[in-house]
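Chain naming here is simple, since letters A, B, ... match the order of the sequence lines and numbering starts at 1 in each. Note that the coordinates shown come from a computational prediction; the quantities given were computed from them, not determined experimentally.
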Number of protein chains: 2
Amino acid sequence: MSLNPSKPSRGRPKTLDREHVLDVAMASYWKEDIGNLSLNEICRRCDISKPGLYREFLNEDGLMKAVILKYHQEVLSPVQQMLSADAAFRETLDNLVLFAASINDSQGAPKGCLLIKMREAQMHLGEATRAQIDLIQEQAIATYKKWIERSKAKGEFTADMSAEFAASYIDAQLSHASSQLARGEDPQLVKRILMAALSILK
Amino acid sequence: MSLNPSKPSRGRPKTLDREHVLDVAMASYWKEDIGNLSLNEICRRCDISKPGLYREFLNEDGLMKAVILKYHQEVLSPVQQMLSADAAFRETLDNLVLFAASINDSQGAPKGCLLIKMREAQMHLGEATRAQIDLIQEQAIATYKKWIERSKAKGEFTADMSAEFAASYIDAQLSHASSQLARGEDPQLVKRILMAALSILK
DNA sequence: CTAATTAAATACCAGTCGGTACAATAAGCG
DNA sequence: CGCTTATTGTACCGACTGGTATTTAATTAG
């Protein structure tokens with residue numbers, strides 16, 4: 001597992017498992033109220049000391065930024081790849097709905113999208129985290145837009161609206177579905193609403 | 001202004017102005033982050049002591065419940081009355097959009113709907129407040145539903161969906177518009193998205 | 001071995017939170 | 001004038017927050 005097996009660096013060997021901390025923090029922020037989750041609590045859950053966390057992530061803002069970065073890499077990237085692939089417009093749209101409304105009813109499982117949850121909790125975030133979220137958000141909108149433009153060129157997207165607006169609209173509807181899920185609303189209803197809203201694109 | 005001029009009750013005369021406190025608290029919760037607004041801060045802004053606030057409202061939950069009740073009476077009731085009036089479906093729908101996307105760009109003005117903001121901040125609320133919000137929410141959905149049913153009977157609503165679902169859909173879209181506004185997004189874009197989403201009803 | 005280096009955790013900091021005990025104050029009543 | 005009643009604000013409570021100074025432990029270099 002060691003990324004750098006040939007590095008017998010000088011001092012006391014490090015025991016803090018960065019990835020484990022990020023896993024625990026990501027799951028915690030995802031499942032619970034971001035604004036009420038303290039660093040102390042995260043340290044307790046990872047069984048690490050507070051100075052250890054500060055050495056690794058600088059401060060709360062640094063930890064949150066690292067978390068959202070990990071989330072982007074592990075969860076969002078596959079979606080962006082799907083959007084960049086060359087499938088039919090409707091098929092990709094259906095996949096998008098499936099992803100957004102994917103149901104995991106096991107107790108304690110995270111609901112909705114962490115990125116969107118964090119965007120809604122912007123008041124509780126530090127500057128670095130907020131900047132990172134804005135960046136990912138811009139990337140997402142740009143990806144949507146390119147996808148729409150390609151679909152238009154292929155004649156698969158015929159609705160009378162700009163790619164720009166369509167991208168905003170899709171993002172808005174997916175975001176709202178995520179919020180509803182995170183709030184605990186009925187996944188079936190959420191999905192029906194999402195599909196109805198996206199039906200204007202067909 | 002005195003509601004009960006003939007009541008020279010026994011003890012020290014009350015100086016705490018309940019309505020003033022509620023005005024200040026409502027504006028504060030509406031404009032700022034609910035989870036980060038402390039009772040201490042509200043006391044400072046109203047220039048009252050903390051025990052005074054607790055005597056009047058019992059606790060934070062009581063204050064928030066009183067605030068959302070006042071909001072319902074002062075802001076939401078007119079909308080519900082409009083929905084119960086006998087105007088044409090399209091006209092009422094347009095009014096709804098106008099209300100939801102009403103723009104007040106003066107700095108510091110509240111954006112979006114306080115009820116929806118509080119619903120999103122449910123993690124920070126007490127039980128009484130949450131119950132009050134659920135109640136108002138149910139009323140709102142029921143009002144939407146009756147409106148749709150009347151419009152169906154009049155032949156003004158022809159979309160192929162149940163009144164139940166249409167009510168949920170409208171509520172969802174209005175909620176989302178409110179969230180976007182509260183988050184500081186461009187009001188023009190929010191309105192365009194809202195109108196596009198509601199266009200499936202026509 | 002000792003010295004240097006790095007990471008560990010304990011124990012603390014000032015500040016804020018929601019909430020309260022309590023004494024001072026202001027009125028009517030006798 | 002006290003006595004009762006009701007409202008006031010000060011000053012405090014324990015718990016928790018993000019963040020840090022400091023000491024201790026574990027390793028390599030010489």
Side-chain angles (χ1 to χ4, degrees), chain A residues 2-21 24-25 28-29 32-67 121-130, chain B residues 2-21 24-25 28-29 32-67 121-130:
Chain A
S2 165
L3 287 172
N4 203 344
S6 61
K7 197 195 75 184
S9 56
R10 279 292 293 279
R12 175 172 175 171
K14 174 178 248 173
T15 60
L16 184 146
D17 183 345
R18 187 177 219 268
E19 287 310 306
H20 174 64
V21 173
V24 171
S28 300
Y29 286 134
E32 301 161 44
D33 178 31
I34 293 173
N36 275 354
L37 238 173
S38 70
L39 284 187
N40 292 310
E41 180 60 26
I42 288 175
C43 288
R44 255 170 255 139
R45 295 182 187 187
C46 301
D47 200 36
I48 61 170
S49 71
K50 216 175 350 171
L53 193 147
Y54 276 84
R55 214 177 314 111
E56 186 70 28
F57 299 102
L58 189 61
N59 54 27
E60 190 171 32
D61 198 13
L63 172 65
M64 282 183 165
K65 177 179 170 177
V67 164
Q122 56 174 308
M123 306 260 197
H124 304 271
L125 310 180
E127 283 202 15
T129 309
R130 229 178 292 141
Chain B
S2 163
L3 287 172
N4 203 344
S6 60
K7 196 196 76 183
S9 57
R10 280 291 293 279
R12 177 171 174 172
K14 172 177 252 173
T15 60
L16 184 146
D17 184 344
R18 187 178 218 268
E19 287 310 306
H20 175 63
V21 173
V24 172
S28 300
Y29 286 134
E32 301 161 46
D33 179 30
I34 293 173
N36 275 355
L37 239 172
S38 68
L39 285 186
N40 293 310
E41 181 59 26
I42 289 175
C43 288
R44 257 169 253 139
R45 295 182 187 186
C46 301
D47 200 37
I48 59 170
S49 70
K50 215 171 358 167
L53 194 147
Y54 276 85
R55 214 177 312 110
E56 187 68 30
F57 298 102
L58 188 60
N59 54 27
E60 190 171 31
D61 198 14
L63 172 65
M64 284 184 162
K65 176 177 171 177
V67 164
Q122 56 174 308
M123 306 259 197
H124 303 272
L125 310 180
E127 284 203 16
T129 309
R130 226 178 295 144

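Atom NE2 of residue B:His20 and atom CD1 of residue B:Ile48 lie 8.5 Å apart, to the nearest 0.5 angstrom. Between the NZ atom in B:Lys50 and the OG atom in B:Ser38 there is a gap of 8.0 Å [rounded to 0.5 Å]. Going from atom CD of B:Glu41 over to atom OG of B:Ser28 covers 7.5 Å, rounded to the nearest 0.5 Å. The CE atom of A:Met64 lies 7.5 Å from the CG atom of A:Leu39; values are rounded to the nearest 0.5 Å.
Atom CG of B:Leu37 is separated from atom P of C:dT16 by 14 Å (rounded to the nearest Å). The distance from atom CG of B:Asn40 to atom C1' of D:dT10 is 14 Å, rounded to the nearest whole Å. Rounded to whole Å, the distance from CG on A:Asn59 to P on D:dT20 is 8 Å. Atom OH in A:Tyr54 sits roughly 14 Å away from atom C1' in D:dA21 (whole-Å rounding). Spacing between atom CD1 of A:Ile34 and atom P of D:dT17 amounts to 16 Å, rounded to whole angstrom units. Atom NE2 of B:His124 is separated from atom P of C:dC17 by 14 Å (rounded to the nearest Å). Whole-Å rounding puts the B:Phe57 CZ to D:dT7 P distance at 14 Å. B:Glu56 places its CD atom 9 Å from the P atom of D:dT7, with the value rounded to the nearest Å.
End-to-end axis angle for the helix from C:dC1-D:dG30 to C:dG30-D:dC1, using five pairs per end and rounding to 10°, comes out at 30°.
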With B for base contact, S for sugar-phosphate-only contact and - for none (protein heavy atoms under 4.0 Å), nucleotides 4-14 of chain C reads BBBBBBB----
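Checked against salt bridge (Lys or Arg N to Asp or Glu O under 4.0 Å), B:Glu19 has the following partners two or more places apart in sequence or in another chain: B:Lys70. For the side-chain contact (heavy atoms from CB on, under 4.5 Å) test, residues two or more places apart in sequence or in another chain that qualify with A:Phe57 are A:Arg18, A:Val21, A:Leu22, A:Leu53, A:Leu63, A:Ala66. Under the rule for a side-chain contact (heavy atoms from CB on, under 4.5 Å), the partners of B:Pro51 that lie at least two apart in sequence or sit in another chain are B:Ser49, B:Arg55.
Neither OP1 nor OP2 of D:dC16 sits under 4.0 Å from any side-chain N or O of A:Arg44.
Identified under the salt bridge (charged side-chain N to carboxylate O under 4.0 Å, His left out) test for residues 58-67 of chain A, with sequence neighbours left out: none.
Looking at heavy-atom distances under 4.0 Å, A:Arg18 makes no contact with the nucleic acid at all.
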